[in-house]
Student: 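To start, I am sharing the structure in question, which I have written as structure tokens.
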Amino acid sequence: MAQSARARPRRAIRVQKRRALNLDSSPMSDGNKSIKKELAASFTPADIEAPLYQKWLLAGYFTADSKSTKPPFTIVIPPPNVTGSLHIGHALDHTLQDVLIRMKRMKGFEALWLPGMDHAGIATQNVVEKQLAAKGLSRHDLGREAFVAKVWEWKEESGGLILDQMKRLGDSVDWSRERFTMDAGLSTAVLEIFKRLYDAELIYRAERIINWCPRCLTALSDIEVEHSDDSGEFVQVRYGDDEVSIVVATTRAETMMGDGAVAVHPDDPRYKDLVGKKVLLPLVNRMIPIIADELVDPEFGTGAVKVTGAHDPNDFEMAMRHGIEMPVIMNEHAVMVNSGTRFDGMDRFEARKEVVEELRKLGRIVSEKRPYIHAVGHCQRCDTTVEPRLSMQWFVKVAPLAKAAGDAVRDGRIKIEPEELAPRYFDWIDNMHDWCISRQLWWGHQIPVFYGPNGEVVVCGPDDVPPAGYVQDPDVLDTWFSSGLWPFSTLGWPEKSGDLAKFFPTSVLVTGYDILFFWVARMVLLGLFVTDGVAPFHTIALHGLVRDRFGKKMSKSRGNTVDPIEFMDKYGSDALRFTLARGANPGTDQAIAEEWIGGSRNFATKLWNASRFAIMNGANIDGEVAPFESLNSIDQWILTRLDETVESVDQLLEQFEFAKACEIIYHFAWDDLCDWYLELSKATFAGGGDKAEISKRVLGQVLDQLLRLMHPMMPFITEELWCSFTGGETLVTASWPKSDSANRSEASKLIVEQLQDLTTEIRRFRNDQGIKTSAKVGANFIGLDSLSEFEASLRQVCRIEPITGSASAAIEVGKVKIEFDLTGAIDVVAERARLTKDLATAEKDRTTAKVKLENEGFMAKAPIEVVQEIRERLTQTSADIESITAQLAALPTK
RNA sequence: GGGUGGUUAGCUCAGUGGUAGAGCGCCUCGUUUACACCGAGGAUGUCGGGGGUUCGAAACCCUCACCGCCCA
């Protein structure tokens with residue numbers, strides 16, 4: 001028996017599956033209520049998600065119209081790498097953007113969420129080079145043109161995996177406007193802005209120390225270098241001979257062959273007499289000067305440092321200032337060359353060991369510290385230790401641009417949310433070094449500079465043709481250069497396109513704080529420049545990172561990463577979205593665990609079941625809701641709570657407070673609607689007649705509005721439920737709920753609060769008495785007064801029926817007394833325990849209130865409302881104590 | 001080294017001056033015709049330590065400890 005009973009619902013699911021899958025082939029609803037669809041007995045996300053997304057695409061709901069008269073609302077997606085797949089961080093980022101876009105669309109905006117991808121220079125080139133390496137080839141075997149063709153081929157075949165995954169998540173992006181940073185249009189934008197910057201003398205070429213990755217063989221910008229603690233060594237080496245000698249401290253002994261000087265602080269008394277003298281550089285036996293420079297920290301090591309201009313950024317500065325020689329003694333692979341020593345040909349780390357060994361043999365090592373933990377730069381893409389390298393590169397002169405970018409935030413043209421993160425922005429943008437934009441790669445926008453036979457330099461804009469015989473610079477631009485143009489290049493700039501006119505400047509930029517500098521700041525820099533001060537977006541909404549359940553950073557090496565696709569398979573996209581949105585407090589990281597997503601799935605199921613129940617009980621949206629004043633208090637209460645919820649959720653979402661908005665929705669739906677309203681109204685529905693009809697319409701209203709309100713967070717399930725319930729075509733373009741304070745009643749809240757107190761106390765009493773939840777118990781209410789019209793509801797939720805005989809036990813809740821016929825002795829021990837505990841709580845509360853009221857300082861200085869509140873608390877707790885004491889006394893003494 | 005955020009229930013986190021909260025977890029009971037992906041009830045915190053301001057502090061100030069992040 002039990003088995004077959006369990007088997008039944010499963011079969012029902014299977015039947016429904018077929019029906020749901022047929023959905024997308026059926027003609028779209030025209031709003032005719034006659035084609036309401038029956039809901040499956042249980043919620044199976046996999047059955048509804050793909051068909052619904054298909055339906056949305058076919059209907060073109062996500063396609064924005066540049067000719068629309070509606071006000072625009074635009075978000076450009078942070079373009080994911082073409083090599084990337086959807087990770088949990090994208091899922092968060094996209095969920096938040098989709099929530100905003102869907103809400104604004106429902107609010108009547110012409111909402112455009114523009115999707116696309118980034119060509120991701122180094123990352124993509126690495127992928128294809130790895131494939132070649134598997135065949136024993138390098139990119140040089142193919143040559144530039146063939147290699148780039150190969151990358152394009154790879155992009156067409158394997159790139160953009162993430163785009164399909166975005167559909168799983170429900171992203172309501174406008175696929176007709178999908179962009180790629182290497183598209184023709186976007187490339188034109190790159191050429192245009194490069195030329196403009198060059199003409200404005202904001203781009204220049206120079207030989208500088210840059211960050212060099214000896215594995216990727218390219219220059220990197222400052223932020224593409226990640227500093228982390230490495231275990232190195234710290235040695236003190238004696239330079240010089242018997243006449244002049246000085247001990248220098250270094251972590252990079254291998255570069256000493258490139259030393260041009262030794263530097264000390266000008267005020268350092270230890271070395272006063274040595275400044276200006278020359279000292280013998282060991283191993284290469286060259287005489288180098290001892291100079292004085294403010295940059296030297298006298299506290300560090302011996303207070304004397306070697307100056308290796310070609311291999312250290314600080315040393316480069318000093319060398320420039322003092323006109324010191326800068327011999328280059330390493331090649332692009334970080335292998336020692338041209339030092340004229342036996343170390344030539346050695347890798348830098350090998351050379352370090354050998355050099356120290358040699359110095360030790362010569363008795364020049366004064367002290368050694370190993371391991372010496374210090375911060376070392378690593379290539380963001382391959383983790384190779386970065387090598388400072390003197391080379392010719394292209395730079396953006398950022399000072400004037402950065403000033404403007406800082407001012408835009410300072411004067412409020414751009415708002416950073418949460419504003420606590422603004423200082424971080426200023427800190428960076430106000431201290432930004434010139435931006436190295438050339439990369440020694442092949443995949444990317446080739447720098448539009450052409451060199452003539454006699455050293456002429458010509459920069460070509462989109463419409464320019466280089467003079468014959470000129471050769472283009474082989475380098476490409478930093479990927480962030482083109483993504484920095486994203487908010488306008490994607491809309492057609494530099495053309496005066498309809499999209500640009502309608503949708504630019506964009507509205508909100510939603511992204512993780514981790515790419516504030518990489519991407520966001522660059523868009524502001526470049527955006528303000530091309531538009532003469534128009535900010536590319538008015539708000540930057542920053543969210544945090546997704547971490548593991550213990551709040552630890554996710555990483556492959558830790559093995560604590562999670563797969564959003566797996567979660568969607570298991571719990572549904574809505575569950576994943578809701579979990580992420582519910583954890584998204586502005587600018588702060590969130591932890592995530594599989595159980596949390598399971599919890600959201602449970603919430604979705606709850607909503608599904610509640611909706612089915614409501615529909616089954618005749619909830620509807622036919623005609624108008626009866627006038628608010630004419631409704632019973634329970635109906636007034638749920639509408640009041642609905643209105644409060646609508647108002648809060650709307651405000652919170654507008655302020656990017658996703659977590660709080662979700663929290664409010666969760667509790668309204670689960671606690672207020674399911675646990676209380678539906679339970680309290682069961683008696684009304686069962687009672688039939690006009691009263692039932694009125695309440696059914698109220699319930700319909702609540703369900704209709706709630707589903708609308710939840711749609712941005714949980715688009716699939718709400719769409720399925722709403723269309724089924726109302727017969728409407730879609731929630732995607734349905735109107736957003738509006739709060740209306742006329743639909744509120746504080747009095748109804750007080751009444752329901754009393755009903756809740758009564759119910760809870762009765763349930764507690766039953767529980768303590770060991771009475772099964774399902775068992776009906778005889779009891780009468782005394783003193784219900786204004787609550788008497790809800791007696792049937794109370795009886796329903798408390799499962800008590802009227803008694804005619806004598807009562808054997810009673811409890812008091814407020815002014816109401818409930819007399820029970822427990823037909824036999826009640827559990828006196830349990831009851832005494834319960835009452836004693838209540839008494840203790842009440843006494844404690846009364847004491848706190850009393851102490852306050854007897855405190856002269858409190859009475860004199862506390863605001864009158866607070867005093868009043870405490871007075872009421874004293875009255876209430878005193879009454880409670882009296883009542884509990886009486887109940888205790890009435891208990892049989894065994 | 002310079003900034004900066006944090007330390008609240010077993011875990012992850014809300015809570016910016018008036019009786020400590022949520023989700024998950026935990027304990028007890030339960031096949032109430034929406035839902036066991038559920039329901040009912042329950043337990044759990046001298047809000048990191050110390051000092052101060054205040055009638056009143058988790059919240060404001062000082063200080064110490066620890067953790068994290070950004071930048072060098």
Side-chain angles (χ1 to χ4, degrees), chain A residues 2 5-6 9 39 41-43 222-223 227 297 299-300 313-314 375 377 420-421 423-424 427-428 431 513-514 516-517 544-545 547-553 571-572 575 579 582-583 585 587-617 657 659-660 662-663 666-667 670-671 674-675 678-679 682 759-768 770-776 796-799 834 837 841 844-849 851-863 865-867 869-870 873 877:
Chain A
R6 231 176 295 143
L39 288 173
S42 70
F43 172 51
D222 288 347
I223 49 174
H227 293 266
D297 174 10
E299 305 287 315
F300 180 78
N314 288 334
E420 297 95 87
L421 287 173
R424 209 189 269 199
D427 185 47
W428 188 75
N431 298 298
Y513 62 72
D514 55 327
L516 182 62
F517 308 141
L545 275 35
R547 295 169 169 271
D548 78 1
R549 69 175 63 212
F550 302 114
K552 296 281 173 228
K553 201 169 179 170
Y571 303 104
T579 307
R582 193 180 182 184
N585 285 299
T588 57
D589 293 349
Q590 64 170 300
I592 199 165
E594 182 160 353
E595 300 93 283
W596 299 193
I597 301 158
S600 297
R601 186 269 319 264
N602 296 354
F603 178 51
T605 307
K606 186 78 182 176
L607 185 71
W608 182 274
N609 289 321
S611 302
R612 274 179 62 234
F613 176 73
I615 295 166
M616 204 190 306
N617 274 278
E657 293 276 8
K660 290 186 180 71
C662 288
E663 199 63 19
Y666 182 92
H667 289 290
W670 203 313
D671 301 351
C674 294
D675 288 350
L678 289 180
E679 294 302 329
K682 275 176 180 172
T759 306
T760 305
E761 286 307 311
I762 293 169
R763 284 170 173 169
R764 193 151 75 101
F765 174 76
R766 290 175 52 123
N767 211 286
D768 291 342
I771 300 163
K772 287 185 179 181
T773 327
S774 56
K776 289 237 174 190
Q796 163 79 27
V797 294
C798 298
R799 299 194 69 73
R834 181 178 77 89
K837 206 180 127 207
T841 311
K844 195 180 144 223
D845 287 352
R846 183 172 63 170
T847 308
T848 12
V851 165
K852 283 201 172 188
L853 293 172
E854 283 164 2
N855 181 332
E856 282 175 29
F858 174 78
M859 295 306 285
K861 296 188 178 174
E865 311 87 64
V866 177
V867 175
E869 199 187 313
I870 305 290
R873 200 181 299 157
T877 49

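Proteins come first, then strands; the chains are lettered A, B, ... in the order of their sequence lines, and each starts at number 1.
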Student: Which whole-number value in Å describes the distance from Asn767(A) CG to A40(B) P?
Tutor: 11 Å
Student: Starting at the 5' end of nucleotides 11-18 of chain B, put B wherever the base has a protein heavy atom under 4.0 Å, S where only the sugar-phosphate does, and a dash everywhere else.
Tutor: SS-SS--B
Student: With a 4.0 Å heavy-atom cut-off, tell me which residues in residues 597-605 of chain A come close to RNA chain B, sorted by residue number.
Tutor: Arg601(A), Asn602(A), Thr605(A)
Student: Counting the atoms with a prime plus P, OP1 and OP2 as sugar-phosphate, which does Asp675(A) contact under 4.0 Å by heavy atoms, base, sugar-phosphate, or nothing?
Tutor: sugar-phosphate
Student: Can you check the Asp768(A) CG to G41(B) P distance for me, whole Å?
Tutor: 11 Å
Student: Report yes if some heavy atom in the side chain of Ile592(A) is under 4.5 Å from a heavy atom in the side chain of Arg549(A); otherwise report no.
Tutor: no
Student: Name the nucleic acid region contacted by Thr760(A), choosing base, sugar-phosphate or nothing; use a 4.0 angstrom heavy-atom cut-off, strictly under.
Tutor: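 Thr760(A): backbone/sugar contact only, no base atoms under 4.0 Å.
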Student: For Gln796(A) and G39(B), give me the distance from atom CD to atom C1', rounded to whole Å.
Tutor: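 So the two atoms are 14 Å apart, to the nearest Å.
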Student: Would you kindly say whether Asn602(A) and Tyr571(A) are connected by a side-chain donor-acceptor distance under 3.5 Å?
Tutor: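 The answer is no; no qualifying pair exists.
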Student: Starting at NE2 of His227(A) and ending at C1' of G3(B), how long is that distance when rounded to a whole Å?
Tutor: 15 Å
Student: Please state how far atom CZ in Arg763(A) lies from atom C1' in G39(B), giving the value in whole angstrom units.
Tutor: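 Going from Arg763(A) (CZ) to G39(B) (C1'), I get 8 Å.
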Student: Take Val797(A) and Gly857(A), find for each the nucleotide of RNA chain B with the closest heavy atom, and name the residue whose nucleotide sits nearer the 5' end.
Tutor: Val797(A)
Student: Taking side chain as C-beta onward, heavy atoms only, is Arg547(A) less than 4.5 Å from Lys552(A)?
Tutor: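 With C-beta onward as the side chain, the pair stays apart.
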Student: Under the criterion salt bridge (Lys or Arg N to Asp or Glu O under 4.0 Å), I'd like the reasoning laid out for Glu663(A) against Lys660(A): C-alpha separation, chi angles, the key distance, then a yes or no.
Tutor: CA-CA 5 Å; Glu663(A) 199 63 19; Lys660(A) 290 186 180 71; over 6 Å; no
Student: Tell me the interatomic distance from Glu679(A), atom CD, to C35(B), atom P, rounded to whole angstroms.
Tutor: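 Glu679(A) atom CD is separated from C35(B) atom P by 11 Å.
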Student: Write down the partner of A58(B) under the Watson-Crick or G-U wobble criteria, each distance required to be under 3.5 Å.
Tutor: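 No nucleotide pairs with A58(B).
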Student: Whole angstroms only, please: what is the CH2-C1' distance between Trp670(A) and C38(B)?
Tutor: 8 Å
